[in-house]
Amino acid sequence: MPQTPTPTAVADAHTRIIGWFDAHARDLPWRRDECTPWGVMVSEFMLQQTPVARVLPVWTEWMRRWPTPADLAAEPSPEILRAWGRLGYPRRALRLHAAAQTIMDEHDGEVPNTAAELKALPGVGEYTSAAIACFAFDQPEVVVDTNIRRVHARAFSGRALPEKSLTRAEMSLATELMPADPEQACRWNAATMELGALVCTARSPQCRVCPVSASCAWLVAGSPEAHYQPKGQSWAGTDRQLRGAIMALLRSHDGGTALTAIRQRVEESLSPDDAQFDRCVSSLVADGLAERTGDELSLPRS
DNA sequence: AAAACGGGGCA
DNA sequence: TGCCCAGTTTT
């Protein structure tokens, strides 16, 4: 277990990383003062497992079309899934829609401002609840995402990568590292995340420009290799690939499409057997991502 | 604790 | 090709 860094070292890290953030933070629309809590919430849903660059245009379009929870909650058409486009994990769009409806039903149309209430919303877990509370409502919640975990692993624990899953020790460390001042705490969260996204990256960290390279435990230890081999997820031939291809087809049509036509179209690029095709159609319907009427499949109405 | 869940871009 | 990305939910 890593030792808790000394108070002096922690304060120095605060100064350096927040100072770096002041100079180098990206001007992202959901970080601007005029962005609403709803805008922050939409961004956090889209950013789950999806890089900033791909989220930007979709977020802008969503905020134009559905600027408040009420607007999204009242949207009955498949336009939600169509507007999600190719962001991936389209169940996030359904969960965001459901969350908007819960906000209407239980929170008077206002995004709740506590982590506990946020976490009760569909699609909002440990990270997202803390992030919205912190970034939209300036509450000093402990925010721990993949970027922050990696920065902590390197700068304070001397490891190339964080553990495979979030550990108690990581949460304790993140808690210890939080600045006492609430405003600084929120800035620290955003700054550490940004450092992980731009400098302390997974593949080729830019230690030459890192504000804490002088004290980085990993660098000081000689940049040791990761103690485990990351296990990537397969893609070619998987249900995920086929489900994605079917969803892309549904998004490109108004109304329904015959299952035989869908099968024919996906076979232009993929080679599913009958069992896989049926399984994927069924699971999409079960997930609420598609609707089956007779021999046709379509995007569902909400 | 582990698996399922998209998709694109870069080394 | 393999790996990674502001994770959550289900098993």
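So you know, we letter chains A, B, ... as the sequences are listed, proteins then strands, and number each from 1.
- In this entry the distance linking CD of Gln233(A) with P of dA4(B) reads 11 Å, nearest Å.
- With hydrogens and angles left out, the side chain of Arg203(A) and the base of dC3(C) share a donor-acceptor pair within 3.5 Å.
- For the C1' atoms, the distance from dC5(C) to dA1(B) is 23 Å, rounded to whole Å.
- Taking atom P on both dT9(C) and dG8(B), the two are 24 Å apart, rounded to the nearest angstrom.
- Under the side chain to side chain contact (heavy atoms under 4.5 Å, CB included) criterion, Pro162(A) pairs with Arg149(A), Arg150(A), Ala153(A), Glu170(A), not counting sequence neighbours.
- Residue Ile148(A) is out of contact with every strand shown, counting any heavy-atom pair closer than 4.0 Å.
- Residue contacts for Gly88(A): at a heavy-atom cut-off of 4.0 Å it reaches a base atom on one of the strands shown.
- For the residue pair Tyr228(A) and Glu163(A), no side-chain donor N or O sits within less than 3.5 Å of a side-chain acceptor on the partner.
- Comparing dG2(C), dG7(B), dC5(B) against the side chain of Arg54(A) picks out dG7(B) as the nearest.
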(Q) Applying salt bridge (charged side-chain N to carboxylate O under 4.0 Å, His left out) to Arg26(A) and Glu194(A), what does each step give before you reach the verdict? (A) CA-CA 8 Å; Arg26(A) 289 169 292 183; Glu194(A) 189 79 336; 2.8 Å; yes
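- Both Trp38(A) and Trp84(A) sit in one connected hydrophobic cluster of ILVMFWY residues. Membership requires side-chain heavy atoms under 4.5 Å apart, directly or through other members.
- With respect to Glu75(A) and Arg65(A), no salt bridge is recorded, no charged nitrogen being found less than 4.0 Å from a carboxylate O.
- Counting only heavy atoms from C-beta on, Arg243(A) has its side chain closest to dG6(B) among dC4(C), dG6(B), dC5(C).
- Protein atom CG of Leu118(A) is 21 Å distant from nucleotide atom P of dA6(C), rounded to whole Å.
- At a threshold of 4.0 angstrom between heavy atoms, the contacts of Thr128(A) are confined to the sugar-phosphate backbone, with no base atom among them.
- With rounding to whole Å, Lys164(A) atom NZ is found 18 Å from dG7(C) atom C1'.
- For Leu81(A) and dG7(B), the CG to P distance is 12 Å, given to the nearest whole Å.
- Residue Leu270(A) contributes atom CG, which lies 13 Å from atom C1' of dG7(B) at whole-angstrom precision.
- No hydrogens or angles were tested; on distance alone, nothing pairs the side chain of Arg86(A) with the base of dG7(B) as donor and acceptor under 3.5 Å.
- With rounding to whole Å, Arg91(A) atom CZ is found 16 Å from dG7(C) atom P.
- Residue Ala202(A) is classed as a sugar-phosphate contact, given heavy-atom separations below 4.0 Å to backbone atoms only.
- Looking at heavy-atom distances under 4.0 Å, Thr146(A) makes contact with sugar-phosphate atoms alone, never a base.
- Counting only heavy atoms from C-beta on, Tyr127(A) has its side chain closest to dT8(C) among dC4(C), dG7(B), dT8(C).
- The nearest whole Å value for the distance from the CZ atom in Arg92(A) to the P atom in dG7(B) is 10 Å.
- Salt bridge absent: Arg187(A) and Glu183(A) never bring a charged side-chain N and a carboxylate O closer than 4.0 Å.
- Cluster membership check: Phe277(A) shares its hydrophobic cluster with Leu250(A), using side-chain heavy-atom separations under 4.5 Å among Ile, Leu, Val, Met, Phe, Trp and Tyr.
- Considering only side-chain atoms of Trp30(A), the nucleotide from dG7(C), dA6(C), dC5(B) that sits closest is dA6(C).
- Note: CG (Leu96(A)) to C1' (dT8(C)) measures 13 Å, nearest angstrom.
- dA4(B) and dA6(C) have their P atoms separated by 24 Å, with the value rounded to a whole Å.
- Map Lys119(A) and Glu44(A) each onto its nearest nucleotide of DNA chain C; the residue landing nearer the 5' end is Glu44(A).
- Taking only side-chain atoms of Ala197(A), from C-beta outward, the nucleotide of dA6(C), dG7(B), dC4(C) with the closest atom is dA6(C).
- Residue Val124(A) is in sugar-phosphate contact alone, with no base atom involved, counting any heavy-atom pair closer than 4.0 Å across all strands shown.
- Base engagement by Arg31(A) is indicated by at least one non-hydrogen atom pair under 4.0 Å involving a base atom.
- Within the 4.0 angstrom heavy-atom criterion, only backbone atoms of the sugar-phosphate kind lie near Pro230(A); the bases stay farther away.
- Comparing Gly123(A) and Met193(A) against DNA chain C, the residue whose closest nucleotide sits nearer the 5' end is Met193(A).
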